[in-house]
Amino acid sequence: MSDGVITLLDPRLGWALLCLFGLLWVFLGWYWGRRASSVDDFLLAGRKVGLALGTATAMATWVTSNTVMLAPVFALEKGLWGMVAYSTASFGLFLFAPLSRRIRTLMPEGHTSGDFMRLRYGKWAWYLFLVISMVYSVAWLVSMGTAGGKLMETLAGIPYFHGVTSILLVCVIYTLFGGMYAVIGTDFIQSAIILAGVLLVGSLVVIRTDLRALYDTMAVEQPSLINALMPVALLSLFNNMFFGFGEVFHNNVWWSRAHAMRAEVAPRAFFLSGLLWFPIPIAAGFIALSATSLGVNVIDPNTVGPLVAGQVLGKVGAVLVFVVVFCSLASSIDSLLAATSDLLLQDLGKKILGISSEPSRFRLYSKFIIILLGFLTWVLCALEMDLLQILFLSGPLVASAIWPIIAGLYWNRAHWLAAVLAMLLGSALGLWAYFQIGWYTASLISSVVSMAVIFVSVPFCRQTFDWKKLHE
Amino acid sequence: MVRYEGPDQATYLSGLAAGNYFFRVMAKGPQSAASSSWSQPFELQVVFVGTHQVILLSLIGLAGFTILVVSIMVGHRLSQREPKVLSS
Amino acid sequence: MSNLHVAELFVFIPFAVMKWMIYLSLTGVGLGLLILIVLFIRDWKGGRLW
C-alpha cells in the first residue's frame, strides 16, 4: 500500500486480540504445565499423549504462518497447480507415520533426532546433522517471527517491533511454564481455531464471489494460472514434496512428538494429521485467485491473502485472518522452541558439553535454553533479518538428510561414511542447483543425490548394525 | 486494455502466458482533465523453462518419490515381521 | 520441435476441476474440524487424553 496506509483493522482491536489470545495461551500453558512433575514430563509430556491431542499437535505445528500466508502466494504465482504443490507438503506427515512407529520400537527411551544420528552413525554424521538441523530450525523460527511482525503491521498497524516482541514473549512464557504439555494442549485449541477460521473465510469468499466469472477473468488475464502444464508449478510439485520430507523426517519437532505420543497412537496420529492438513493450502490459497477478477491491485504478493480476505469480507475477514495467523504462528513457534531447546540440551549440553543430568538442574537448564533461544530469535527478528531466503536455502540441506534417516531406521547395512557423504554431496549439489537452475529444483536434486550415495554404498558395507545399540 | 487505475504506485503481475507484453503508464490529476500523456511503453518478455528440462526433472522427481515410498513401505513391512528382538 | 516450450502446449484446467477442488478442500477442512472434536470427546471420556 502506498503512503496513505489504510490498515484493515483498527490498531486498538489488533492489540485487544493480541492481548486476549496471548493471555489465554499463557494461562493454559500454566494450567497444563502443572501436570509436569519430572523432566521427561516437561520435555515429552509424559510419553502418553492420545490420538486427539497427538493429531492436533502434529497438524497445528505443520500449519505455520507460511501455510496461511504463502499458500495464497503460491496460488497467485503458480495457479491451481501451485496450491496442489503446496498441499503435497502433507505427504511428509503421511510417510512419517510408519517412521514414527519404527522410532518408538527402536528407541523406546529416546529423546531427540540427534540421539538417533549419534547412536546409529556416530559422531561425524551427528555433528553434520546438528548443523543442518540448527540452521533450518533457527531460519524457520526467525522467518515466522518476522512474518508475524510484518503481518500485524499490515493488518492492524501494530508497529513491527512491538508485534514481534509480543508474539515471542507470549510463546516463550507459556512454553516455559508448561513445556511440552503446554505446547500440545494449546496446539489443540489452535488447530480448532485455524480449521474453523480457514473454513469460514473460504466459505464466505465462495459465497460472495462468482467462481465462473473468476475463472473467465483468469482465462483472459492470467491464463498460466489455469494451465495444466505450467512448467514451474509442475516442478515445484516434486521440489516442495521433497522439501517437506526433509523438514519432517529430520526435525526434532516431529521426533519429539513421536516420543511424546503413546507408541500405538503415534503412527495413526501422524497419518490423520496429514489428512487434516492436506486441504488447508487449497482452502486458504484459492482466495488469492480472485484478486484480479475483484479488481484488487496487488503490490506485495506476500500479503495477497489478507488483502483479498479484507476486501471481500471487510472487518470480519480481517479479524478472522488475524486470529488464524496468530494461532498458526504460536502453534509452530512454541513447538520449535520446545523441540529445539530439547535438541540443544540433550545433544549439545548433555553429550558434548557434559552438563549434569541431575533432574532439578536439568529442568532449570532446559528453561534457560528456551529463554536463550527465544532471545536469540527476538534479536534476529528485531534486526529485521529476513531469513525466509535462508529457510528456502535450507531446503536442499534438510532434503539431503532424508535418506540417511530412512536407511538408518530400516537397513542394518547403512554405513556412517555413506550417511556423511550423502548429506554433504546432497547439500552441495542441491545448493548448486538452487543458484544455477532455480529454487524449484534444489530439494529434488539434493534428495536424489543423497539417495544415490546411500544406494551405491550399501553393497560395500560389510558390517551389520546391531539395533540394540540404539537403546541407551 | 487498462490494467489498473487508482492511487497505488506499483502493481504485481502473474500468470501471464509466454510471449511479449507492453505496458505504459499515465499520471492523472484529481480532475480528469489534468492528465499527462502516455509514457514510453516498456516491454516484458515472459519465457518459460524448456520442455526437456521440465520433463527430465519431473521424471527424476517421480522416480525419487516412488523409490522413497516403496522403501519405507517395504521397510515397514519387514520390520513388523521382525519378532520383538529389541524388547529383550 | 526442439524449441517448443511447455507453455505452448497449453491445456486449460477445466472450470469444473477448479470448482470442485475448492469445494472439496473446504469440505475437507470442515470434516477435519469435526474429526478433531469427535476424537477429543472420545479420548476425554475414555481418560486417554494425555
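So you know, we letter chains A, B, ... as the sequences are listed, proteins then strands, and number each from 1. Everything numeric in this text was worked out from a predicted model, so none of it was measured.
- Between B/S79 and A/R102 the shortest heavy-atom distance is CB-NH1, 3.1 Å.
- What you find for B/I67 and A/F455 is that their closest heavy atoms are CG2-CZ, 3.7 Å.
- A 6.0 Å sphere centred on CH2 of A/W432 holds no more than 12 heavy atoms belonging to other residues, nucleotides or ligands.
- Other residues, nucleotides and ligands place more than 12 heavy atoms under 6.0 Å from the CH2 atom of A/W254.
- Contact annotation for A/T441: only side-chain heavy atoms (C-beta onward) come within less than 4.5 Å of a heavy atom of chain B.
- Side chains of A/F91 and B/V69 form no contact here, defined as non-hydrogen atoms less than 4.5 Å apart.
- For the atom pair CG (B/L57) and OH (A/Y440), the distance works out to 8.0 Å, reported to the nearest 0.5 Å.
- Ranked by heavy-atom pairs under 4.5 Å with chain B, the first of A/V448, A/L76, A/I226 is A/L76.
- The CG atom of A/L95 lies 6.0 Å from the CG atom of B/L68; values are rounded to the nearest 0.5 Å.
- Residue contact with chain B, scored on non-hydrogen atoms closer than 4.5 Å, is absent for A/F94.
- When heavy atoms are compared at a cutoff of 4.5 Å, A/L444 approaches chain B solely by way of its side chain, counted from C-beta outward.
- Ranked by heavy-atom pairs under 4.5 Å with chain B, the first of A/K78, A/R101, A/M451 is A/R101.
- A donor-acceptor contact shorter than 3.5 Å links the side chain of A/S224 to the backbone of B/L16.
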Problem set entry | Working for side-chain contact (heavy atoms from CB on, under 4.5 Å), residues A/L99 and B/H76 | CA-CA 8 Å; A/L99 296 188; B/H76 181 66; over 6 Å; no
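- Considering all non-hydrogen atoms of both residues, B/S71 and A/W403 come closest at OG-CH2, 3.3 Å.
- Neither the backbone nor the side chain of A/L409 comes within contact range of chain B; no heavy atoms are under 4.5 Å apart.
- Neither the backbone nor the side chain of B/L78 comes within less than 4.5 Å of any heavy atom in chain A.
- Note that CZ of B/R77 is 12.0 Å distant from OH of A/Y410, once rounded to the nearest 0.5 Å.
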For this session: Please report the C-alpha distance between B/I60 and A/F238 in whole Å, then the side-chain angles of each, then the deciding distance to 0.1 Å, and finally whether the side-chain contact (heavy atoms from CB on, under 4.5 Å) criterion is met.
Result: CA-CA 9 Å; B/I60 294 177; A/F238 285 111; over 6 Å; no
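- Contact annotation for A/V298: both backbone and side-chain heavy atoms come within less than 4.5 Å of a heavy atom of chain B.
- For A/F249, the part sitting under 4.5 Å from any heavy atom of chain B is the side chain, from C-beta outward, and nothing else.
- Counting heavy-atom pairs closer than 4.5 Å to chain B, the top residue among A/S447, A/G295, A/P223, A/A291 is A/P223.
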